[in-house]
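FYI, the numbering just counts along the sequence from 1. Since this is a predicted model, take the numbers as computed values, not measurements.
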Amino acid sequence: MAEIVQHRIEERIPELEQLERVGLFTKKEVKSIIKRATALEYKLHRLVVNKEDFIAYIQYEINVLELTKKRRAHIHYQFKREEIEFPVIHRINSVFRRATNKWKDDVQLWLSHVAFCKKWVRNCLTICFKSLWIMAAKSELEDRSSSESARHLFLRTLRFHPDNKKVFQEYFRMELLHCEKLRKQKSELEKAEMDLVSFSPEILAGKLADVVYRDATAKIKEAEFVISLLNIAAIFDFTKELQDFILQDLQTNYTADSLTWDFMAKRELEAPGAGEELQTAKGRASDINRREERCCQVYEEGVKSLSAGRCSDTQGYFPKGNNHGLGLKRQQRLLGVLQRAHDSSLLKEDYYKNWILLSTGDAEGAAGVATAATRRYSQSAAMWSLSLRTLMQLGSGDVGGLFQEALAHVNPKESLPLWQLQVQWSAASQSPEETDAVFQRGLLSAVAAVAMAIKESYLDWSYSTGGYKKARRNFTSLQENRPLSKAFFTRMIEIEKEQETPRMSSLRDYYERALQEFATSDDDLWLQYIQEELGPLGQPENCSKIHWRAMKFLEGPSVESFTSKYTLMQTGHL
């Protein structure tokens with residue numbers, strides 16, 4: 001959570017610098033904004049959030065906007081709005097969206113968003129009104145049983161959003177719900193042998209939903225959208241004719257979209273079998289095999305039809321079973337598809353993992369797939385990690401050279417897993433001198449995350465291979481080279497405490513060096529230092545000085561956190 005909050009605060013820095021630079025806010029005011037914003041951000045990123053926290057955050061940001069507006073008028077400065085106001089407005093809109101998504105039925109929250117958009121971002125009004133209109137239409141149908149009012153609201157919404165998928169989907173659903181309601185009323189009246197109200201056969205057959213579908217697909221020509229409407233229609237048991245029509249439309253007009261073929265293939269897989277055949281295990285296996293064959297035939301037809309296809313994970317849709325013959329057929333079929341997709345340079349990165357797993361019984365084949373994967377996705381750290389792990393398990397002799405090749409291709413910012421894997425492999429397979437050379441190369445990385453992680457691993461490795469003296473010597477050498485992590489210091493503290501006669505002077509030295517890096521933000525480090533002095537090696541009289549220093553150096557929410565924990569510690573609850 002702290003990392004997310006820190007990132008959010010860092011995103012504010014450019015606008016805050018501009019506020020100070022142009023004279024709208026003083027340095028002290030900017031610092032106050034950072035402190036208050038940090039506290040509000042922490043509340044929004046708790047596990048359990050309250051609506052009041054969102055409202056407080058929004059209100060504070062609006063207050064900053066209003067004050068900026070007044071300051072502009074006072075000093076007659078009207079420039080740099082894109083750098084100052086726009087990020088704040090975007091942030092407020094984002095928080096409003098999070099809040100309205102979480103509390104969808106809070107009309108006052110929606111109206112507050114509308115009021116904000118009306119004043120600060122007029123082009124965002126349509127988004128708010130669209131959501132409110134959908135809510136109003138659903139309320140008319142569900143709460144007031146007024147399909148006519150709901151239909152009228154949907155039609156009004158479509159005047160402003162003529163090609164909005166969500167509006168059409170909800171309108172389509174509403175007409176089907178209305179039809180289902182009428183059909184139930186008709187059925188109940190017939191059972192009661194009462195005089196029937198006149199029901200239109202067209203409406204009972206779902207013709208109004210059919211009209212909505214035709215209007216929607218005339219404006220939005222996407223296979224994914226058509227499939228979404230088909231899935232809505234499939235919820236209702238009286239829509240077979242409508243489903244057949246949509247299905248025919250999909251097969252006729254959307255065959256250029258791979259989603260169509262994917263959907264059709266899965267339908268074949270999920271199609272029900274014959275009742276008598278399913279009574280025996282052999283019959284069920286035969287039915288499953290037949291459906292799988294039909295599914296694969298559709299995929300094959302789709303691959304031939306499309307100029308650029310995609311390998312779909314058909315294995316994930318095969319029913320589970322213990323029939324050995326079916327399992328072998330599935331595996332052979334999938335391996336064939338994977339090979340053909342790879343040969344056509346169409347196999348997605350994620351599927352190479354499945355391919356390697358399927359090839360584990362064939363060492364040479366698995367090694368070939370691992371090598372092919374890194375050739376196809378040479379810049380992917382995840383792909384290199386998977387392939388290198390596979391080759392390490394198979395005992396490949398050229399793993400060391402492949403690590404160098406991987407690090408040369410992968411973005412250095414994404415290379416940490418590769419460094420960690422190389423260190424692990426070298427420690428298990430190479431001489432201490434060679435492993436030390438690997439560590440030295442990692443320590444020189446320009447990427448902070450890599451350099452810090454390698455320092456931690458190097459300290460651990462030094463202790464395990466050379467004992468306390470080697471660990472302390474390397475710690476002393478590395479502590480002067482930033483960046484440094486808290487874990488680097490705490491591991492050295494642990495090593496010291498693991499000794500037969502740990503020295504308190506050394507522990508104090510390690511804590512003091514750690515606090516040179518993290519004194520302003522890490523309240524736990526200060527508390528650990530105090531607990532160390534309260535321990536058998538420490539001097540309790542030093543605790544008050546450490547507490548005074550902590551209160552002086554800590555900033556933001558860390559002060560409150562430290563105070564609470566220190567109180568608990570004094571009362572024996574921590």
Side-chain angles (χ1 to χ4, degrees), residues 1-46 49-50 52-100 112-113 115-124 413 447-449 482-484 486 515-523 550-563:
M1 182 175 75
E3 293 177 357
I4 298 174
V5 172
Q6 186 63 31
H7 177 68
R8 300 283 190 198
I9 297 302
E10 287 175 358
E11 287 180 336
R12 293 170 174 260
I13 291 175
E15 72 198 56
L16 294 173
E17 287 177 344
Q18 289 288 4
L19 281 170
E20 184 182 346
R21 187 178 296 117
V22 302
L24 291 170
F25 284 79
T26 65
K27 185 175 183 178
K28 185 177 180 180
E29 287 173 328
V30 168
K31 190 173 182 180
S32 175
I33 291 173
I34 293 174
K35 186 175 181 179
R36 178 61 176 155
T38 302
L40 291 168
E41 284 282 359
Y42 268 103
K43 289 183 178 180
L44 290 195
H45 290 86
R46 293 185 297 194
V49 293
N50 299 317
E52 291 71 21
D53 294 333
F54 280 84
I55 293 171
Y57 184 102
I58 291 166
Q59 189 57 59
Y60 180 75
E61 293 285 13
I62 291 175
N63 290 343
V64 172
L65 274 180
E66 293 285 1
L67 184 57
T68 303
K69 183 179 178 181
K70 290 179 181 178
R71 296 274 178 89
R72 281 186 179 278
H74 181 69
I75 67 174
H76 306 290
Y77 183 84
Q78 303 301 326
F79 305 103
K80 295 190 178 294
R81 293 185 183 276
E82 291 186 1
E83 291 92 337
I84 297 174
E85 278 92 343
F86 285 13
V88 182
I89 292 169
H90 175 75
R91 194 159 52 244
I92 294 171
N93 260 322
S94 177
V95 176
F96 259 125
R97 282 194 294 271
R98 284 178 59 192
T100 51
S112 298
H113 194 186
F116 172 76
C117 290
K118 187 176 180 181
K119 182 171 183 178
W120 295 97
V121 260
R122 297 182 186 277
N123 61 343
C124 284
K413 293 181 180 179
V447 179
R482 290 178 175 81
L484 297 164
K486 178 184 174 183
L515 288 170
Q516 288 178 15
E517 305 293 326
F518 308 105
T520 61
S521 59
D522 199 316
D523 51 292
M551 295 299 292
K552 179 181 177 182
F553 284 105
L554 286 170
E555 298 176 352
S558 300
V559 178
E560 183 180 348
S561 176
F562 173 78
T563 303

Hey, could you give me the OH/CD1 distance between Tyr42 and Ile9, rounded to the nearest 0.5 Å? 9.0 Å
One should read off an interatomic distance between Ile33 CD1 and Leu40 CG, to the nearest 0.5 angstrom, of 11.5 Å
For atom NZ of Lys486, is the number of surrounding heavy atoms from other residues, nucleotides or ligands below 6.0 Å larger than 12? yes
Restricting to non-hydrogen atoms, name the atom on Ser558 and the atom on Ser521 that form the minimum distance, rounded to 0.1 Å. OG-O, 3.0 Å
Do NZ/NE/NH1/NH2 and the carboxylate oxygens of Arg482 and Glu517 come within less than 4.0 Å? yes
Criterion salt bridge (Lys or Arg N to Asp or Glu O under 4.0 Å) on Glu61 and Arg12, from CA distance to verdict: CA-CA 12 Å; Glu61 293 285 13; Arg12 293 170 174 260; 2.3 Å; yes
Work out which heavy atom in Lys80 is nearest to a heavy atom in Glu85; give both atom names and the distance. O-OE1, 4.3 Å
Can you run down the salt bridge (Lys or Arg N to Asp or Glu O under 4.0 Å) pairs that involve residues 15-25, sequence neighbours left out, and say none if there aren't any? Glu15-Arg91
Okay, side chain of Thr100, backbone of Phe96: is any donor-acceptor separation there less than 3.5 Å? yes
Quick check for you: to the nearest 0.5 Å, what is the distance between Glu66 atom CD and Gln59 atom CD? 9.0 Å
Tell me whether Thr563 contacts the main-chain N or O of Val559 through its side chain, where contact means a donor paired with an acceptor under 3.5 Å. yes
When rounded to the nearest 0.5 angstrom, what distance separates CD1 in Ile58 from CG in Asn93? 9.5 Å
Mind checking whether Val30 and Ile34 have side chains closer than 4.5 Å, heavy atoms only? yes
Below 4.5 Å, heavy atoms only, C-beta onward: do Leu44 and Val49 meet side chain to side chain? no
What's the separation between atom CZ in Arg36 and atom OH in Tyr57, rounded to the nearest 0.5 Å? 11.5 Å
Is the shortest side-chain heavy-atom distance between Phe25 and Leu16 below 4.5 Å? no
Backbone N/O of Thr38 and side chain of Arg8: donor-acceptor pair under 3.5 Å: no
So, for Val22 and Ile75, which heavy atoms are closest and what is the spacing to 0.1 Å? O-CD1, 4.1 Å
Considering all heavy atoms of both residues, which atom of Val64 and which atom of Thr68 are nearest to each other, and what is their separation? O-OG1, 2.7 Å
Any chance you could measure Arg71, atom CZ, to Leu24, atom CG, to the nearest 0.5 Å? 7.5 Å
Residues in side chain to side chain donor-acceptor pair (under 3.5 Å) contact with Glu560, at least two apart in sequence or another chain: none
All heavy atoms of Phe562 vs all of Leu554, minimum pair found to be CB-CD1, 3.5 Å
Is it the case that the side chain of Ser94 and the backbone of His90 share a donor-acceptor pair, with hydrogens and angles ignored and the cut-off at 3.5 Å? no
Is the positively charged end of Arg98 above the ring of Phe54, judged by distance under 6.0 angstrom from the centroid and angle within 45° of the axis? no
